[in-house]
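First the structure, in the form of structure tokens, and then the observations on it.
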Amino acid sequence: MTEPLASSYDPKLYESKLYDFWLHHHLFHAEQDPSRKPYTILMPPPNVTSYLHMGHGTGYTMQDMLVRWKRMQGFNAMWLPGTDHAGIATQMMVEKSLAEAGESRQSLGRERFNIKLWEWKDKYGGMILEQFRSMGFSCDWDRLSFTLDPQLSLAVRRIFVDLFEAGLIYRGERLVNWDPVLKTALSDDELESKEIHSSLWHFKYPVEGTDAFITVATTRPETMFGDTAVAVHPDDERYQAFVGKQVRLPLVGRLIPIVADTYVKSEFGTGAVKITPAHDPNDFELGKRHNLANIDIMTDAGAMNDLVPEKFRGLDRFVARKEVVRAMRELGLLDKEEAYKTTVPISERSKEIIEPRLSKQWYVSMKSLATPAVAAANDGTLRFHPDLWKKTYLHWLENIQDWCISRQLWWGHRIPIWYCDQCHEHTTGMTDPSVCKHCSSSEIHQDEDVLDTWFSSWLWPLSPFGWPEKSNDLDYFYPSDALVTAPEIIFLWVARMVMVGLKVRGEVPFKDVFLTPTVCDKQGRKFSKTLGNGIDPLAVIAEHGTDAMRFTAVQLAPIGGRTRMAVEDFEAGGRFVNKLWNASRFLLGHVQADLALKPLNHAELDLASKWLLTELSLAAGRIDKALSTYRLNEAADQIYHLIWGGFCDWGLEAAKNTLAGADPAAKQRVVSVLVYVLDGILRLASPVMPFVTEEIWQKLPHHPDWDRPVSLTIAAYPKQETLPQFPAEAEQWRSVQDLVAAVRSARSQAGVPPKTPLNTWVRTTSELATLFNGASADIKRLAVIDQFNAGPDLSRPGQCLVAIGRGYEAYIPADGLIDIAKERTRLSTEVGRLEKILKGLEAKLGSASFASRAPADVLEQTTQQRDNLNMQLASLRANLEALT
RNA sequence: GGGGGUAUAGCUCAGUUGGUUAGAGCGAUACGUUUACACCGUAUAGGUCCACAGUUCGAAUCUGUGUGCCCCUACCA
């Protein structure tokens with residue numbers, strides 16, 4: 001007798017133990033092995049500072065499901081785990097914690113600050129890895145990587161040097177988002193926007209050599225000190241005469257040109273724009289087109305510098321704004337001031353309004369890298385699932401901008417560029433230089449900045465496998481098979497990996513890109529920290545267990561787009577896990593020690609067993625198809641229905657007769673089949689709910705028709721083709737199920753209590769009668785019937801309930817139990833429903849165009865439908881008649 | 001402003017190339033403890049498939065327009 005299972009499943013008792021068991025047997029580790037086919041997935045490395053949210057819970061579970069599935073199919077499956085140093089995010093958090101202690105990175109200095117950063121990384125990075133474990137991820141821990149690891153840093157250095165030497169990395173002057181309080185550049189991702197009520201000031205600028213003025217509108221008057229042009233639209237007749245002339249800039253006295261550019265919108269403001277290339281991104285672009293000078297008029301703290309007229313020097317930009325307006329008004333050059341609502345970018349950290357600021361940054365020239373990446377998506381080497389994301393990917397690549405890779409941070413890979421104080425040239429190399437490569441001066445210093453985090457994570461398909469060194473691992477595992485990630489990082493990450501992969505290997509880094517749905521709350525809002533509407537997967541796990549979290553997350557995740565989740569949804573997963581547990585408990589209770597399991601002997605199997613086996617096989621086929629096309633939610637659905645609707649509701653229920661019976665041989669046959677099927681079910685479900693399936697499987701006796709490795713996670717995944725199927729018998733059993741359902745429905749609608757035994761007589765074809773009589777024991781039990789008989793010549797007993805199905809009529813004598821009026825209503829309602837359908841079908845069949853144009857099989861199908869309906873209607877009407 | 005998506009039962013979603021009487025889970029309702037499971041069983045109710053127009057023998061499915069919602073991206077001096 002197998003040890004009995006507890007009456008409900010408590011995940012906490014098993015999960016940690018099972019995970020240790022898997023690790024103990026090294027089941028998640030893959031070594032390169034030319035005799036086996038690899039299956040590789042690269043885990044998108046989460047930020048080392050972040051706490052895993054439901055988006056990870058969903059997306060990573062999907063990856064784990066795929067990897068576990070392929071592992072069971074015999075592939076040398078490997079899921080590469082790791083974390084990303086996340087430059088800005090991490091540094092922000094560490095600086096915040098320093099600020100609480102009254103310290104700052106400046107007060108600590110670069111070296112000591114770095115130590116703090118690493119301490120932080122070790123603490124929080126470790127927490128994430130703990131979460132991987134809690135979620136049951138079968139990643140290869142021996143290959144755990146971090147973007148700042150020595151090997152990965154070497155790869156960053158290599159690609160930088162290579163691109164630099166190829167002339168693809170250059171230093172350029174651009175505008176960055178400058179935080180004047182924190183005195184640092186910020187990436188676009190670190191900005192928020194705020195709506196403010198401000199004004200739009202109209203300034204009159206005198207046109208040189210005339211008495212005319214040209215009026216410009218601005219929201220930032222203080223930037224006029226940096227103006228180097230006024231622009232108008234080339235087609236704007238109002239200003240045709242001014243183009244080519246010059247303007248005397250008020251307060252400053254400088255002469256600046258009036259230029260024509262299509263960027264200007266004639267209908268906005270006055271149709272003329274002051275151009276300040278050093279303080280506005282659009283103006284900067286326009287300035288480049290017209291060779292305008294960039295005049296930076298501010299300090300790093302956002303105050304006016306020495307390039308502005310004396311009386312404004314040192315003023316904060318907002319004070320200067322008021323003063324400029326006042327000065328212009330006094331000069332009579334303020335045409336008007338109108339109230340204006342606008343949105344301004346603010347720093348996520350300091351909440352200060354961002355000032356666009358001119359600075360020198362390092363860039364990667366992207367055009368030549370993008371071209372092969374476009375081709376790969378177009379020729380199908382790289383596939384997107386769902387395909388619509390290909391458009392997003394291509395759209396970005398076709399309009400690609402150069403990539404700014406320098407960041408004014410201390411956490412990250414320091415830019416391997418040395419500036420020469422003598423000749424001002426740049427030196428780079430794989431080792432730190434001691435002299436300038438160009439003039440041999442030893443007066444060189446390294447760039448203070450670090451590289452964008454994505455400049456290391458774009459190497460994720462390469463660097464963890466040993467690149468740039470020659471590496472067998474890389475040869476074996478590259479390219480990976482699937483990349484599963486969120487759509488918002490298609491540009492930041494996916495496209496860049498493709499580009500660099502093609503550049504250094506000449507081959508895409510993965511063949512399939514599967515984009516996971518965005519996880520939202522029930523109102524359709526994206527989970528976000530500020531809204532606080534997120535679901536913590538760890539809290540779900542604590543309440544319902546990991547399998548429940550995984551199953552529900554996958555089941556709710558549609559193929560594309562977004563998914564709406566609420567914590568309550570996970571109850572369903574918990575119930576499902578418990579259902580499987582209990583079904584197994586029931587079956588194991590019938591596995592006696594002296595009962596040897598029999599190999600399947602087709603000749604001995606009963607109808608229900610053959611149906612159940614067929615269901616298993618069909619489900620295996622559907623699940624395989626669903627997984628192969630990344631429809632993981634569909635696979636989860638199939639597993640659910642196989643277990644609940646198939647195995648529990650019908651498989652076990654039908655078996656109860658035999659299990660309660662006195663025939664040990666029959667019992668042995670049935671138990672053997674059920675154990676065989678349960679084993680198959682556990683295999684099918686293992687990738688999505690690995691814990692409960694493993695726990696049950698370990699307790700399940702070995703059925704001789706299955707393999708029996710040490711763990712379910714490496715047991716063979718069921719294949720439809722190799723599983724027994726009995727289509728004809730399965731169809732027969734479906735007729736039995738149909739009859740049972742019809743009887744249940746009739747009695748329930750008549751209000752007969754479920755336990756009250758009834759007699760049932762079925763009039764049907766002799767073929768079906770044989771089937772029904774042969775299965776009468778099952779039918780009696782399942783429909784709670786006392787006496788049962790089926791035959792072609794049975795006549796309708798007097799007062800009875802009627803259940804009409806395909807090819808039969810079931811009579812249930814129920815004297816005193818039926819409410820005649822109610823029964824009549826039920827039957828007439830059914831007649832009405834069927835008549836409506838019939839009418840539609842007859843109209844269709846009566847139409848000449850349908851008869852002549854519809855394909856033969858559709859025609860035949862429709863005709864058959866009509867005949868069926870007519871038969872059902874005839875029975876219904878006859879029975880309605882008999883009820884009077 | 002540009003790009004993309006989506007609209008099916010009270011809720012969350014299936015519905016794969018147009019072709020049985022549009023499905024599931026949750027929720028609701030009724031009855032019920034029967035060799036596992038009340039985290040259960042059986043049954044029932046609930047849908048003009050967003051609107052309008054079109055293509056077709058036939059449209060939830062394809063096309064157009066409108067409306068609502070969502071996402072990405074750029075934001076206007």
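Note that this is a predicted model, so its numbers are computed, not measured. A, B, ... follow the sequence lines: proteins, then strands. Residue 1 opens every chain.
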Distance-only donor-acceptor test (3.5 Å): side chain A:Glu634, base B:rA24: no
Show the distances under 3.5 angstrom between N or O atoms of the protein and N or O atoms of nucleotides 38-40 of chain B.
{"residue": "B:rC39", "atom": "O2", "partner": "A:Gly574", "partner atom": "O", "Å": "3.4"}
{"residue": "B:rC40", "atom": "O3'", "partner": "A:Lys579", "partner atom": "NZ", "Å": "3.0"}

Within the 6.0 Å centroid threshold, strictly below: A:Phe570 and A:His544: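 Not close enough - the centres of the two rings lie 6.0 Å or further apart.
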What nucleotide, of [options], holds the atom closest to the side chain of [X]?
X	options	answer
A:Phe268	B:rU20, B:rA77, B:rG25	B:rA77
A:Ile837	B:rU21, B:rC76, B:rG19	B:rU21
A:Gln865	B:rG25, B:rU21, B:rA77	B:rU21
A:Asn582	B:rG32, B:rA77, B:rC37	B:rC37
A:Phe586	B:rU21, B:rA36, B:rU16	B:rA36
A:Arg744	B:rU42, B:rC37, B:rC76	B:rU42
A:Pro855	B:rG25, B:rG19, B:rU21	B:rG19

In whole Å, what separates the [atom1] atom of [N] from that of [M]?
N	M	atom1	answer
B:rG3	B:rU29	P	49 Å
B:rG18	B:rA60	P	13 Å
B:rU63	B:rU73	P	27 Å
B:rA45	B:rA30	C1'	10 Å
B:rU12	B:rC31	P	30 Å
B:rU6	B:rU44	P	34 Å
B:rC71	B:rU33	C1'	50 Å
B:rG58	B:rG68	C1'	30 Å

Full working for side-chain contact (heavy atoms from CB on, under 4.5 Å) between A:Leu515 and A:Tyr393: CA-CA 12 Å; A:Leu515 284 314; A:Tyr393 168 91; over 6 Å; no
Would you classify [X] as touching base, sugar-phosphate or nothing, given that sugar-phosphate means primed atoms plus P, OP1 and OP2, and contacts are heavy atoms under 4.0 Å?
X	answer
A:Phe647	nothing
A:Arg833	base
A:His641	sugar-phosphate
A:Val264	base
A:Gln872	base

Please report the distance, rounded to the nearest Å, between [atom1] in [X] and [atom2] in [N].
X	N	atom1	atom2	value
A:Met54	B:rU12	CE	C1'	15 Å
A:Phe491	B:rC71	CZ	P	16 Å
A:Leu841	B:rG58	CG	P	15 Å
A:Arg220	B:rC75	CZ	C1'	13 Å
A:Glu488	B:rC70	CD	P	17 Å
A:Ile643	B:rC37	CD1	P	18 Å

Which side-chain N or O atoms in residues 638-646 of chain A pair as donor and acceptor under 3.5 Å with protein atoms at least two apart or in another chain?
{"residue": "A:Gln638", "atom": "OE1", "partner": "A:Arg622", "partner atom": "NH1", "Å": "3.4"}
{"residue": "A:His641", "atom": "ND1", "partner": "A:Asp637", "partner atom": "O", "Å": "3.0"}

Check: A:His233 main-chain N/O paired with A:Ser266 side-chain donor or acceptor under 3.5 Å: no
Exam field: side chain A:Thr552 to backbone A:Ala548, donor-acceptor pair closer than 3.5 Å: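 Yes; at least one donor-acceptor contact below 3.5 Å.
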Is the phosphate of [N], meaning OP1 or OP2, less than 4.0 Å from a side-chain N or O of [X]?
X	N	value
A:Arg585	B:rC37	yes
A:Gln555	B:rC13	no
A:Arg622	B:rA14	no

Show the distances under 3.5 angstrom between N or O atoms of the protein and N or O atoms of nucleotides 44-49 of chain B.
{"residue": "B:rU44", "atom": "OP1", "partner": "A:Ser745", "partner atom": "OG", "Å": "3.1"}

All stems with RNA chain B, defined as three or more consecutive Watson-Crick or G-U pairs under 3.5 Å: B:1-7 with B:67-73, B:10-13 with B:23-26, B:28-32 with B:40-44, B:50-54 with B:62-66
Check ion pair A:Lys839-A:Glu835 (N to O, under 4.0 angstrom):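 No.
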A:Glu634: salt bridge (charged side-chain N to carboxylate O under 4.0 Å, His left out) partners, not counting sequence neighbours: A:Arg631
Heteroatom pairs (N/O) under 3.5 angstrom, protein to nucleotides 2-9 of chain B:
none

Heavy atoms from other residues, nucleotides or ligands near NZ of A:Lys780 exceed 12 (cutoff 6.0 Å):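 Yes, NZ of A:Lys780 has more than 12 neighbouring heavy atoms, counting only those of other groups under 6.0 Å.
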Salt bridge (charged side-chain N to carboxylate O under 4.0 Å, His left out) between A:Glu653 and A:Lys656, worked out: CA-CA 5 Å; A:Glu653 290 307 320; A:Lys656 282 178 179 174; 3.0 Å; yes
5′-ward residue of the pair A:Met565/A:Ala741 relative to RNA chain B: A:Met565
Whichever of A:Arg564 and A:Lys755 has its nearest RNA chain B nucleotide further upstream toward 5':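 Of the two residues, A:Arg564 wins.
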Residues A:Lys699, A:Glu695; criterion salt bridge (charged side-chain N to carboxylate O under 4.0 Å, His left out); working and verdict: CA-CA 7 Å; A:Lys699 295 190 162 105; A:Glu695 182 62 27; 2.6 Å; yes
